[in-house]
**Student:** 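Let me give you the structure first, and then I'll get to my questions.
Labels below follow one simple rule: chain letters A, B, ... track the order of the sequence lines, proteins then strands, and each chain is numbered from 1.
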Amino acid sequence: MLKGHLDLIMLATLAAGPAHGYAVIEAIKRKSGQAFDLPEGTIYPALHRLEQTGLLSSHWTTAESGRKRRVYALTRRGRRVLAERCAVWERFSVAIDGLLEGTEPCKSPA
Amino acid sequence: MQESGMIEAYTESLAGKLNFNPSLSQRVRQEIQDHLWEAAAADPSGNGREAVQHAIANFGDPHVIAAQFATAWLARQTWKVGVTIILVITSVFVAMKARVTWYAAAQWILSDHVRAVAKIVGLIDACAFYVSVILGIAGCVYVIVRRAPTTALCASHCSRLRHLLLLSAVSAAALSVSVIGDGVLTALRVVGREFTVEFVVPIFSIAIEIVCAGILIFSVRSIVVRMVHTAALLKA
């Protein structure tokens, strides 16, 4: 499930402002209450892919440590796509809430 | 091994698997090094060596990560090949039409003794060009119809790109035959005439065609070579 929503998760994380890969991972962990503890290496190919599709832009900066650091930011198109996906998610969430409302929890067979 | 050596070895292993794209490989190496140093610094163990080991373990298998980068790369190459075919064929067509229009305007008529040869060459040229156009369009339609999300499995991108490259290679071969035909036809019109500034138009338009065909052949060849690296990465 997480894999299918990785793009939305990353776009939503970067909506708060530009960040580098490590900061994105930490923000995802923090904002999700540690629920989304992704394999860290999978974030970078996804960031790269989102950049290739024009949803993110990136540039090199120099960190305080003196190391080169790649910082990612949402593009205008990225913001638009995020808004669209948020709307789809809202509808999906409301629909599932409606389905689950008043439903007894599933019981395992005896 | 020192902490820096461990990070260096890990990033080298990952970057080495991305050698199908040197700029990506270099970028990933620097980016991942920064990540691993930062993750190690934030590790609660406080032990440098242990912290680096944790950071590397949390980052994951370099082979799996490299395969994910390869998937995104393959998806992009498929679009690039499609766009290159269309641009190249369009440019060759424009150069060809411009030259023919110029022949008519300048009244450069073929002499009688080469007319029969020119007819055969022209026929081969036209057939080769149509084959190239049809296959080029088929390739682009294939890319659009078999559109796969960039998150799709690498195997589907690989197969899509392989089919497109096959169509592109045959299209490029046909285009090369067409360009050679154009060269022969131009030579038949030019030979025997006194060299004037007017020669610039046919020679320049032929040069454009040769460059365009060269670009397509070079692009297809370059992607085939890189794809072999990528396929090896995905199989391993």
**Student:** When you look at NZ of A:Lys31, are more than 12 heavy atoms from neighbouring residues, nucleotides or ligands closer to it than 6.0 Å?
**Tutor:** yes
**Student:** So for A:Ile43, is it side chain, backbone, both, or neither that comes closer than 4.5 Å to the heavy atoms of chain B?
**Tutor:** neither
**Student:** So which residue, B:Gln33, B:Gln30, B:Glu38, ends up with the most heavy-atom pairs under 4.5 Å with chain A?
**Tutor:** B:Glu38
**Student:** Which bit of A:Glu64 is near chain B, if near means a heavy-atom gap under 4.5 Å: side chain, backbone, both or neither?
**Tutor:** neither
**Student:** So which residue, A:His20, A:Glu26, A:Glu40, ends up with the most heavy-atom pairs under 4.5 Å with chain B?
**Tutor:** A:Glu40
**Student:** Is the A:Tyr44 ring parallel, tilted or perpendicular to the B:His35 ring (thresholds 30°, 60°)?
**Tutor:** perpendicular
**Student:** What do you reckon, is OH of B:Tyr142 surrounded by more than 12 foreign heavy atoms closer than 6.0 Å?
**Tutor:** yes
**Student:** Do we see a donor-acceptor contact under 3.5 Å between the side chains of B:Ser178 and B:Asp125?
**Tutor:** yes
**Student:** Do we see a donor-acceptor contact under 3.5 Å between the side chains of B:Ser171 and B:Ser132?
**Tutor:** yes
**Student:** Please classify the contact between B:Leu14 and chain A as side chain, backbone, both or neither, with a heavy-atom cut-off of under 4.5 Å.
**Tutor:** neither
**Student:** If I measure from the heavy atoms of chain A, does B:Leu24 come under 4.5 Å with its side chain, its backbone, both, or neither?
**Tutor:** side chain
**Student:** Does any backbone or side-chain atom of A:Arg69 lie under 4.5 Å from a heavy atom of chain B? Answer side chain, backbone, both or neither.
**Tutor:** both
**Student:** Determine whether B:Ile206 and B:Pro202 make a side-chain contact, defined as any pair of heavy atoms from C-beta on separated by less than 4.5 Å.
**Tutor:** no
**Student:** Shorter than 4.5 Å, heavy atoms on both sides: which option in B:Trp37, B:Trp73, B:Phe59 has the most such pairs with chain A?
**Tutor:** B:Phe59
